[in-house]
Amino acid sequence: MRLDNMLIAEGVAGPEKGGGVGAAANASAAAGAGDSAIEHSDYRAKLGQIRQIYHQELEKYEQACNEFTTHVMNLLREQSRTRPITPKEIERMVQIIHKKFSSIQMQLKQSTCEAVMILRSRFLDARRRRRNFSKQASEILNEYFYSNLSNPYPSEEEKEALARRCSITVNQVSNWFGNKRIRYKKNIGKAQEEANLYAAKKAAGEAGASPYSMSGTPGPMMSPPPGDESSMGGYGMPGMNGSGYSG
DNA sequence: CCCGATGATTCGGG
DNA sequence: CCCGAATCATCGGG
């Protein structure tokens, strides 16, 4: 009976229509980008389709069940002319039929659940439908990162400020820094170019009168910049096949 | 179409 | 909870 609960929770079963603001929306909106409304409208449309089909099928089953029941009843009535048939017997018959049909309904519920699950992962999983940040947002984030290379761990307040400036969520800022740190470390050589680039940009912006202590480079404690551009050909990228599941 | 870049999620550890 | 690491899934340029 868990299937019923789930279908109700997803808004497939339960209230025929109306708001139907399910638990679907807020379930995995963790770091979802700002405009989640658009994606959700698509999601809702598909969900509505599923629901429609579900109810359609359900009704069909019910109708078939009723038809079959009356059919059997008629047969029994005819038989009752040649042999005695107790009402108990009839009731038993009806119960058997209903049980059979409800098991069929279970199958329908299960496949509907499956469809909903697929739909959820297809639309609500933020890994899909990923959008790159704007160029400007990347600028801001990179600027902070390379200006604080020795300690690229923004506090909560700083994250909020950055999030506001970039028009993204705090979570996304955290994600960005997490990715940036690990990827910087993984590839110092290339990142160094970026570092120089942003350092130059910053220097241009400050035009000389900067309060930085000029005791050499700030020396990032993460790893010493080797400045070695060669020997960064290919690190093993395994197959990464795109296992296509139809959608 | 391939492949690197990139944002998001998952997992293990403190 | 945050971090690093691995991984996933999409984007975007060639």
Side-chain angles (χ1 to χ4, degrees), chain A residues 10 23-43 45-47 114-199 201 219-226 228-247:
Chain A
E10 297 295 340
N26 50 21
S28 77
D35 53 346
S36 48
I38 298 169
E39 307 159 27
H40 282 181
S41 78
D42 209 347
Y43 169 78
K46 286 268 208 263
L47 189 66
E114 234 169 88
V116 170
M117 292 294 260
I118 290 169
L119 186 68
R120 275 180 74 98
S121 72
R122 183 102 165 77
F123 280 86
L124 262 38
D125 188 348
R127 271 182 296 202
R128 304 166 186 271
R129 219 68 215 151
R130 175 177 74 74
R131 308 307 299 193
N132 287 351
F133 296 153
S134 71
K135 195 76 186 160
Q136 189 180 352
S138 300
E139 288 279 305
I140 293 168
L141 293 167
N142 275 314
E143 190 184 312
Y144 183 98
F145 182 80
Y146 288 115
S147 299
N148 300 277
L149 249 193
S150 55
N151 186 34
Y153 298 87
S155 67
E156 188 61 27
E157 294 88 31
E158 287 169 320
K159 280 182 192 171
E160 281 169 16
L162 286 168
R164 268 196 302 278
R165 287 215 293 152
C166 299
S167 305
I168 60 179
T169 68
V170 172
N171 237 329
Q172 285 177 300
V173 174
S174 300
N175 286 340
W176 190 91
F177 274 90
N179 283 321
K180 190 69 183 180
R181 282 191 298 263
I182 186 90
R183 282 163 184 165
Y184 174 82
K185 202 160 51 170
K186 263 188 167 171
N187 200 342
I188 315 280
K190 176 137 51 159
Q192 195 58 23
E193 293 175 29
E194 258 188 318
N196 292 337
L197 200 114
Y198 280 94
K201 217 167 261 192
M221 67 176 195
M222 290 179 71
S223 41
D228 184 6
E229 267 110 332
S230 62
S231 83
M232 49 179 288
Y235 17 81
M237 264 307 203
M240 221 190 248
N241 65 0
S243 80
Y245 35 76
S246 55

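Side chains included, hydrogens not; waters and symmetry mates left out as well; all remaining heavy atoms used. Chain naming here is simple, since letters A, B, ... match the order of the sequence lines and numbering starts at 1 in each.
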Problem - Length of the CG-P vector between A:Leu141 and B:dA8, whole Å - result: 11 Å
Handout entry: Gap between atoms CG and P, on A:Asn171 and B:dT9 respectively (whole Å)
Key = 8 Å
Problem - A:Lys186 NZ - B:dA5 P separation (whole Å) - result: 12 Å
Exercise for the section: Using the test side chain to side chain donor-acceptor pair (under 3.5 Å), find all partners of A:Asn148 that sit at least two apart in sequence or belong to another chain. Expected result: none
Exercise for the section: Taking side chain to side chain contact (heavy atoms under 4.5 Å, CB included) as the test, write out the residues that go with A:Gln136, two or more places apart. Expected result: A:Ser134, A:Ile140
Completion exercise
Separation of B:dG7 atom P from A:Phe145 atom CZ, nearest Å, is 13 Å
Exercise for the section: Would you please name every residue forming a ring-ring contact (aromatic ring centres under 6.0 Å, His included) with A:Phe133, sequence neighbours left out? Expected result: none
Handout entry: Given DNA chain C, 5'-ward residue of the pair A:Asn132 and A:Ser174, judged by closest heavy atom
Key = A:Ser174
Problem - Heavy-atom donor-acceptor pair, A:Arg181 side chain to A:Pro152 backbone, under 3.5 Å - result: yes
Practice task
Determine whether any donor atom in the side chain of A:Asn179 lies under 3.5 Å from an acceptor atom in the base of B:dA8, or the reverse, and answer yes or no.
Solution key: yes
Practice task
Grab the CD1-C1' distance between A:Ile182 and B:dT9 for me, whole Å please.
Solution key: 15 Å
Handout entry: A:Tyr153 side-chain N/O to C:dG4 phosphate OP1/OP2 under 4.0 Å
Key = yes
Handout entry: Qualifying residues under side chain to side chain contact (heavy atoms under 4.5 Å, CB included), relative to A:Ala115, sequence neighbours excluded
Key = A:Ile50
Exercise for the section: Return no unless some side-chain N or O of A:Asn175 is found under 4.0 Å from OP1 or OP2 of B:dA8. Expected result: yes
Problem - Phosphate OP1/OP2 of B:dG7: any A:Arg131 side-chain N/O under 4.0 Å - result: no
Fill in the blank from the handout: Looking only at B:dA8, B:dT6, C:dA5, the nucleotide nearest the A:Phe133 side chain is B:dA8
Problem - A:Asn179 side, atom CG; A:Lys186 side, atom NZ - distance, nearest 0.5 Å - result: 10.0 Å
Problem - Between C1' of C:dC11 and NZ of A:Lys135, the distance in whole Å - result: 14 Å
Exercise for the section: Specify the separation, in whole Å, of atom CZ of A:Arg130 and atom P of B:dA5. Expected result: 13 Å
Handout entry: Residue-phosphate contact under 4.0 Å: A:Lys185 side-chain N/O, C:dA5 OP1/OP2
Key = yes
Handout entry: Length of the CZ-P vector between A:Arg183 and B:dA5, whole Å
Key = 10 Å
Completion exercise
Terminal axes of the helix from B:dC1-C:dG14 to B:dG14-C:dC1 (5 end pairs apiece), angle rounded to 10 degrees, sit apart by 10°
Handout entry: Contacts of A:Glu157 that satisfy side chain to side chain donor-acceptor pair (under 3.5 Å) - sequence neighbours left out
Key = A:Ser155
